[in-house]
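Quick notes on the structure that follows.
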2 protein chains.
Amino acid sequence: MLWPVAEEDVFKALADPTRRRILDELVERDGQTLFEICTRLATKYGLGLTRQAIGQHLVVLESAGLVRSRRQGRYKFHDLNTEPLELIVTRWLRPDPPESTP
Amino acid sequence: MLWPVAEEDVFKALADPTRRRILDELVERDGQTLFEICTRLATKYGLGLTRQAIGQHLVVLESAGLVRSRRQGRYKFHDLNTEPLELIVTRWLRPDPPESTP
DNA sequence: TTGATAGGTAAGTCGCCACTTTCCTATGCT
DNA sequence: AGCATAGGAAAGTGGCGACTTACCTATCAA
């Protein structure tokens, strides 16, 4: 248990389509800055959002543990972290289907 | 591709804590009716929601393909369907880590 | 048919959330 | 120093979603 992240935060973070697209970009290439993400969202998806909006989305993703950031000079690089997603997968798996109970 | 369900619907359905608890109940026992779900949510979690509220949540879950229902007389039984969850899992998996690039 | 049970529908309220606008801080370059 | 770049913070707005209240339909039992 590395992050004291509530499941609530993870699901809420994933609820927004823009945030999901940000994750899509980061899975393609880690270590992007805010401006890079803005540019790619604009060119690839025609997203007409301001830099501030994307910045707020990144805060939400970080709070959910889905994105980790490292500061370097005036740049802040963002990395994808898929660990919290495992919570989702395992949560609603059938405990153990006994297979032969007619 | 069994249901024409948008990914948007799945993530939105999972965004609400009450709906997640409903899924928790269904993974424990399939085939519960609306009233059963209401009762169990109230007793186990102290959820003070009206029957109508739960009913609306079930509609959302069905639209997302996470719950399937079968009518039988005046009863309507609800079953969990975890297929849409696989979308979430596979979406942000790294394509193929080349492993040896130090 | 009457009454009870199981569920559906629709209007209305309220709070939250995404987004913009505006302004501010920090780092690097020359 | 001065300016541009990268990022952060905060107030305000608009819309959507969760919930309630109230009413309606359908099935079964007496």
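Chain A is the first sequence line, chain B the second, and so forth, proteins listed ahead of strands; every chain is numbered from 1. Heavy-atom basis, side chains included; hydrogens, waters and symmetry copies ignored.
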Checklist entry - Taking 4.0 angstrom as the limit, do B:Arg21 and B:Glu25 come out as a salt bridge? => result no

Next on the checklist: Categorize B:Gly73 for me: base, sugar-phosphate, or nothing, with a 4.0 angstrom heavy-atom threshold over every strand shown.
Outcome noted: sugar-phosphate

Checklist entry - Between B:Gln56 (CD) and D:dA22 (C1'), how many Å, whole number? => result 13 Å

Checklist outcome for this item: Which of C:dT20, D:dT20, C:dA18 is nearest the side chain of B:Ala53? It is D:dT20

Checklist entry - Between B:Ala13 and B:Ala64, which heavy-atom pair has the shortest distance, and what is it? => result CB-CB, 3.7 Å

Next on the checklist: How many whole angstroms separate atom CZ of A:Phe11 from atom P of C:dC16?
Outcome noted: 21 Å

Checklist entry - Which whole-number value in Å describes the distance from B:Leu34 CG to D:dT27 P? => result 17 Å

Item to check | Residue B:Arg74, side-chain atoms from C-beta onward, closest of D:dG7, C:dG7, C:dT5 | outcome: C:dT5

Item to check | Minimum-distance nucleotide to B:Arg71 side chain [options: C:dA11, D:dA9, C:dG7] | outcome: C:dG7

Checklist entry - Where do B:Leu34 and B:His78 come nearest, in terms of heavy atoms and distance? => result N-CE1, 4.0 Å

Item to check | Whole angstrom value for the distance that separates P of D:dA6 from CD1 of A:Ile37 | outcome: 14 Å

Next on the checklist: When you measure from the side-chain N and O atoms of B:Thr18 to the phosphate of D:dC19, is any distance below 4.0 Å, counting only OP1 and OP2?
Outcome noted: yes

Checklist entry - Between B:Leu49 (CG) and C:dG7 (P), how many Å, whole number? => result 16 Å

Checklist entry - Phosphate oxygens OP1/OP2 of C:dC17: is one of them under 4.0 Å from a side-chain N or O of A:Lys12? => result yes

Next on the checklist: Given C:dT27, D:dG7, D:dT20, identify the nucleotide with an atom nearest to the side chain of A:Thr33.
Outcome noted: D:dG7

Checklist entry - Is the closest side-chain heavy-atom distance between A:Glu28 and A:Lys44 below 4.5 Å? => result yes

Item to check | A:Gln72 vs A:Thr50, nearer the 5' end of DNA chain C by closest nucleotide | outcome: A:Thr50

Checklist entry - Are the side chain of B:Arg20 and the backbone of B:Ala15 linked by a donor-acceptor contact shorter than 3.5 Å? => result yes

Checklist outcome for this item: Between A:Tyr75 and A:Leu47, the residue closer to the 5' end of DNA chain C by nearest nucleotide is A:Leu47

Item to check | Separation of D:dC23 C1' from B:Arg51 CZ (nearest whole Å) | outcome: 11 Å

Item to check | Closest to side chain of A:Phe35, choosing from D:dA6, D:dC19, C:dG7 | outcome: D:dA6

Checklist entry - Within this structure, what is the CZ-to-C1' distance between B:Arg70 and C:dG7, rounded to whole angstrom? => result 16 Å

Checklist entry - B:Gln32 has an atom CD; how far is it from atom P of C:dA6, in whole Å? => result 14 Å

Checklist entry - So, is A:Lys76 near the phosphate of C:dT27, with a side-chain N or O under 4.0 Å from OP1 or OP2? => result no

Item to check | Minimum-distance nucleotide to B:Gln52 side chain [options: C:dC19, C:dC23, C:dT9] | outcome: C:dT9

